[in-house]
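Presented below is the structure to which this report refers.
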Amino acid sequence: MPTIFAANESSALVDGEPIEGLRTIDYRRQQVRQNIYALGSAERIGLVSGPQSVEGRLMVASTNAKLDSLTGDTPFQITAQLKQGGTQMAVTFDECFLLEKSFNLGVGGHGEAIYSFTATRVREELG
């Protein structure tokens with residue numbers, strides 16, 4: 001059975017301040033892996049794990065003053081409370097750094113800013 005979270009019940013904070021206008025949050029965690037093979041064999045006999053990285057994006061309706069105030073060398077923390085009824089999960093991104101901000105405004109719509117960040121680690125705690 002899948003664990004489903006609803007956007008209208010969830011929230012996110014940057015350094016303890018609510019991210020107003022937040023429309024989406026997405027992230028990915030990657031880890032370098034390398035196969036180990038035995039001499040004369042095509043089958044993998046082991047796996048070596050290397051460094052890992054976390055990258056994410058926040059899409060905000062128009063713009064966000066707190067996120068705009070962050071400079072490239074200022075670490076910050078993002079926490080998200082994902083909820084659906086009685087199910088919840090806390091997602092915490094530690095030692096984040098802003099990588100990029102982009103802004104888009106189309107005819108008939110409203111402006112949307114995308115803040116890309118990298119984090120030292122992400123912690124997911126299902127509660």
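Along the sequence shown, residues carry numbers from 1.
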- Any luck finding a side-chain donor-acceptor pair between Y115 and T63 under 3.5 Å? yes
- Task: Would you name the heavy atoms of Q84 and A6 that are closest together and state the gap between them?
- Result: OE1-CB, 2.9 Å
- Query: Between the main-chain N or O of K83 and the side-chain N or O of S10, is there a donor-acceptor pair closer than 3.5 Å?
  - Reply: yes
- Query: Could you give the distance from NZ (K101) to CG (L70), rounded to the nearest 0.5 Å?
  - Reply: 11.0 Å
- For the residue pair T118 and V54, what are the closest heavy atoms and their distance? OG1-O, 3.1 Å
- Indicate the atoms forming the closest heavy-atom contact of C96 with Q77, along with that distance. SG-CA, 4.5 Å
- Has the side chain of T87 got a donor or acceptor atom that lies under 3.5 Å from a matching backbone atom of I4? no
- Task: Would you check if the side chain of N35 reaches a backbone N or O of R44 as a donor-acceptor pair within less than 3.5 Å?
- Result: no
- Note on the structure: What one should report as the nearest heavy-atom pair of L105 and F103 is CB-CE2, 3.9 Å
- Message: Tell me whether E100 is salt-bridged to R57, with the criterion being a basic N under 4.0 Å from an acidic carboxylate O.
- Response: no
- The reported gap from CG in L67 to CD1 in I114 (rounded to nearest 0.5 angstrom) is 12.5 Å
- Item | Any donor-acceptor N/O pair, S69 side chain to K66 backbone, under 3.5 Å | yes
- Task: May I ask you to check whether N64 and E20 show a side-chain donor-acceptor distance below 3.5 Å?
- Result: no
- What is the distance from atom OG1 of T79 to atom CD of E125, rounded to the nearest 0.5 Å? 11.0 Å
- Item | Criterion salt bridge (Lys or Arg N to Asp or Glu O under 4.0 Å) on R121 and E95, from CA distance to verdict | CA-CA 8 Å; R121 73 189 69 78; E95 297 178 49; 3.8 Å; yes
- Could you tell me if the ring centre of F117 sits under 6.0 Å from that of F97? no
- Among side-chain atoms of R33 and Q31, is any donor-acceptor pair under 3.5 angstrom? yes
- Mind checking the CG-CD1 spacing from D15 to I78? Nearest 0.5 Å is all I need. 8.5 Å
- Measure the spacing between CG of L58 and CG of L22 and express it to the nearest 0.5 Å. 6.0 Å
- Task: Might you point out which heavy atoms bring A119 and D94 nearest each other, and give the distance in Å?
- Result: CB-O, 3.5 Å
